[in-house]
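We count residues from 1, following the sequence as given. Atoms within a ligand are numbered from 1 in the order they appear, just like the ligands themselves.
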Amino acid sequence: MSHNLFAALRAAFPAALDGIAIETDSGLNYSWADLERGSAMMANLLQSLGLPDGARVAVQVEKSVEAVVLYLATLRAGYVFLPLNTAYQRAEIEYFIGNAEPAVVVCSSANFGWVSKIAFNAGTQNVFTLDDDRTGSLLARAAHCSDQHAAAIKQPDDLAAILYTSGTTGRSKGAMLSHGNLLSNARVLKDYWGWRTPEQGGDVLIHALPIFHVHGLFIAIHGALINGSKMIWLNKFDPKRVIEKLPEATVFMGVPTLYVRLLAETGLSRDACRNMRLFISGSAPLLIDTFHEWTARTGHTILERYGMSETAMLTSNPYQISQGGERRGGTVGFALPGVSLRVQGEDGQSLPAGDIGGIQVKGPNVFQGYWRMPEKTAEEFTDDGYFKTGDVGKIDGDGYITIVGRSKDLIISGGYNVYPAEVEGYINELPGVAESALIGVPHPDFGEVGVAVVIAKPGAVLDAGGIIAALKAQLANFKIPKQCFVVNELPRNTMGKVQKNLLRDEYKDLFV
Ligand code: MLC
Ligand code: AMP
């Protein structure tokens, strides 16, 4: 029996394949048949390249339906999808391609010059282009391929995707997710969030998130496809457009910044949300004020859930009271069915209700390890097979889980992860810099943003603006500190370690 994720999604397509599967903002409609045929053609193209088993297909392209079709085709043909944020710059892409050694790289035609050079240097033989206006060599080549394709036979542990997630020290790690990991999560969420099949009246999802991370790529797309639901597709999040489309939709998923920006629009009202069934938030903490304001303005209670690249979704607030209670703001709800979650103290003992400790998880959704990093993988699992999330939290007497912080030094800005160690590494390389610390401070729009505190080498004169400009040339835009301060010294403890908590306290009011 095959466990191919594509095959499972395909099996849930409505019987009438000529119905609309994806409606784009530019007025183009894609039918279920388009997804079926398009993914077959691209899968045949990939297969015609004679790729080895487990070959990686690395993709850095703007959001488009064709990019989704490429994702589906990669699953269908049995290869491993590796999505890359379009904000990543040359050095970042060089690392990912060098580390993952993809057999195929797909990039935008504007970036073909430098991306193909990196790819060919890393031994990749096939570089295609794909643009968000339905052009590029990938589509031109696929147009010659058959639109019939039998999905590759896959076992639950066979890899479906690799998602790079930055390391607390050093470089990014590729989280290896299997067909079984992703399919089990999609099935659990279909039930838990009460998705309605077309026979039950159907759901319509507004898809406004980027498609190179767990939230937009897996949770949103799998959710719609495994339920045969239509998606209203926005290539970029635009709060006004979302509000215009709300009356045609029933489900919306966003990171907290999206909710903050929607609340800033006067058009957000109960009437606009009259047909909505569910608003879901995740990827970063949703402020309790946002949670309450949303209910007051729309009459809907946001359902907050928690997950990560290594595990897809782990916990969720209940969709219905019968699942254990109401949706509680400030909490991430309960462990999902099949996920076992515990909170452990420093001594490795499980903690009683209300005590704060490290969150550890086990379940069919938990990844297969970090790509080519067996030691790092072993470090992140306990002896009894639980994955250490690096998040710190507690479980209250009613079973609701609250995340109170992170043991990993991580900033989550607008739903994107920024690892201070990585940014500090780049700052420390700049001429005249002796040392730096990147801290996260509260921000009204992005929730949290990075601020750099830098010390100059003796005799050197540093310019904060120059540091930011230099970083912009090297790093993805969301990793750029929103402000930089040049100071004489950094606060340290008796061990000489920089006390970031003191810096966070000093700069906490910068933006609020
Ligand atoms: C853009 N900028 C950001 C930023 N996004 N800075 C910090 N954090 C971010 N997230 C920069 C821009 O480069 C620009 O800099 C300035 O901030 C203002 O940009 P903007 O025009 O306001 O940004 P915009 O393009 O509108 O993007 C904002 C956003 C986007 C919120 C729509 O960041 C976004 O789509 N976030 C969602 C991320 C996501 O999907 N995460 C899921 C991860 S999965 P300058 O200098 O150029 O002016 C995961 C697991 C799970 O975490 O549980 O789901
Ligand atoms: P990523 O590595 O991009 O997958 O990010 C995963 C991290 O996002 C988790 O380890 C959490 O720290 C954080 N996260 C995801 N959802 C939530 C949430 N609802 N509340 C707080 N943090 C969250």
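Heavy atoms of Phe446 found under 4.0 angstrom from ligand 1 belong exclusively to the side chain. Contacts with ligand 2 closer than 4.0 Å are made by backbone heavy atoms (N, CA, C, O) of Ser283 only, the side chain lying farther away. Of all the heavy atoms of Ser281, none lies under 4.0 Å from any atom of ligand 2, so neither backbone nor side chain is involved. Heavy atoms of Met313 found under 4.0 angstrom from ligand 2: none, in either backbone or side chain. When non-hydrogen atoms are compared, ligand 2 lies under 4.0 Å from neither the backbone nor the side chain of Leu163.
When atom types are taken as modelled, the side chain of Thr74 and the backbone of Leu70 share a donor-acceptor pair closer than 3.5 angstrom. Side chain of His300 to backbone of Cys273: a donor-acceptor contact under 3.5 angstrom is found.
Those atoms of ligand 1 that come under 4.0 Å of a heavy atom in Gly414, given as number and element, are 10 (N), 33 (O), 36 (N), 37 (C), 38 (C). For ligand 1 and Lys472, the ligand atoms under 4.0 Å from any heavy atom of the residue are 46 (O). Within ligand 1, counting atoms from 1 as listed, the ones closer than 4.0 Å to a heavy atom of Thr257 are 31 (C). Applying the 4.0 Å criterion to heavy atoms of Lys236 picks out, from ligand 1, the atoms 24 (P), 25 (O), 26 (O). When each atom of ligand 2 is checked for a heavy atom of Arg406 under 4.0 Å away, the hits are 12 (O). Ligand 2 places these atoms under 4.0 Å from at least one heavy atom of Lys408: 9 (C), 10 (O). Each of the following atoms of ligand 1 lies closer than 4.0 Å to a heavy atom of Leu209: 40 (O). The distance from ligand 1 to the heavy atoms of Asn477 drops below 4.0 Å at these ligand atoms: 13 (O). Residue-ligand proximity, Ile412 to ligand 2, at heavy-atom distances under 4.0 Å covers atoms 8 (O), 12 (O), 13 (C). Atoms of ligand 1 lying under 4.0 Å from at least one heavy atom of His215, given by number and element, are 42 (C), 44 (S), 54 (O). Those atoms of ligand 1 with a heavy atom of His213 less than 4.0 angstrom away are 43 (C), 44 (S).
The nearest heavy-atom contact from the protein to atom 2 (O) of ligand 2 is Asn417 ND2, 2.8 Å.
With salt bridges taken as basic N to acidic carboxylate O contacts below 4.0 Å, none links Lys500 and Glu506. Salt bridge absent: Lys376 and Glu310 never bring a charged side-chain N and a carboxylate O closer than 4.0 Å.
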Show your working on ring pair (Phe, Tyr, Trp, His ring centres under 6.0 Å) between Tyr192 and Tyr319 and close with a plain yes or no. CA-CA 7 Å; Tyr192 204 77; Tyr319 171 58; 8.7 Å; no

Can you check salt bridge (charged side-chain N to carboxylate O under 4.0 Å, His left out) on Arg328 and Glu304, steps first, answer last? CA-CA 8 Å; Arg328 266 188 213 170; Glu304 184 170 4; over 6 Å; no

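Under the 4.5 Å side-chain criterion, counting only non-hydrogen atoms from C-beta, Leu84 is not in contact with Val61. Side-chain contact between Met276 and Phe252 is present, with at least one heavy-atom pair separated by less than 4.5 Å.
Annotation for Glu375: atom CD does not count as buried by contact number, only 12 or fewer foreign heavy atoms lying within 6.0 Å. No more than 12 heavy atoms of other residues, nucleotides or ligands lie within 6.0 Å of CZ in Arg134, so this atom counts as exposed by the packing criterion.
Listed by chain and number, the residues in a salt bridge (Lys or Arg N to Asp or Glu O under 4.0 Å) with Lys236 amount to none (sequence neighbours excluded).
Proximity of the aromatic rings of Phe446 and Tyr416 is defined here by a centroid distance below 6.0 angstrom, and this criterion is not met. Taking the six-membered ring for Trp and the full ring otherwise, Tyr164 and Tyr370 have centroids separated by 6.0 Å or more. Separation of the Phe381 and Tyr386 ring centroids does not fall under the 6.0 Å cut-off.
Close N/O approach between Tyr306 and ligand 1 is not found [any backbone or side-chain N/O within under 3.5 Å]. Backbone and side-chain nitrogen or oxygen atoms of Arg305 are examined, and one is located within less than 3.5 angstrom of a nitrogen or oxygen of ligand 2. The shortest N or O to N or O distance between Glu304 and ligand 2 is under 3.5 Å. Backbone and side-chain nitrogen or oxygen atoms of Ser413 are examined, and one is located within less than 3.5 angstrom of a nitrogen or oxygen of ligand 1. In terms of polar-atom proximity, Gly307 is counted as a contact of ligand 1, with an N or O under 3.5 Å from an N or O of the ligand. The N/O atoms of Arg261, backbone and side chain alike, include one that comes under 3.5 Å of an N/O atom in ligand 1.
Relative to atom 32 (C) of ligand 1, the option among Leu258, Thr315, Val260, Ile412 with the closest non-hydrogen atom is Leu258. With distances taken over non-hydrogen atoms, the option nearest atom 40 (O) of ligand 1 out of Gly415, Pro210, Ala208, Ala312 is Pro210.
Ligand 2 has no atom lying under 4.0 Å from any heavy atom of His213. Ligand 2 lies nowhere less than 4.0 angstrom from a heavy atom belonging to Val214. At a 4.0 Å cut-off, at least one heavy atom of Arg305 sits close enough to ligand 1 to count as contact.
Residues Thr250 and Asp203 bring a donor and an acceptor atom of their side chains to less than 3.5 Å of each other.
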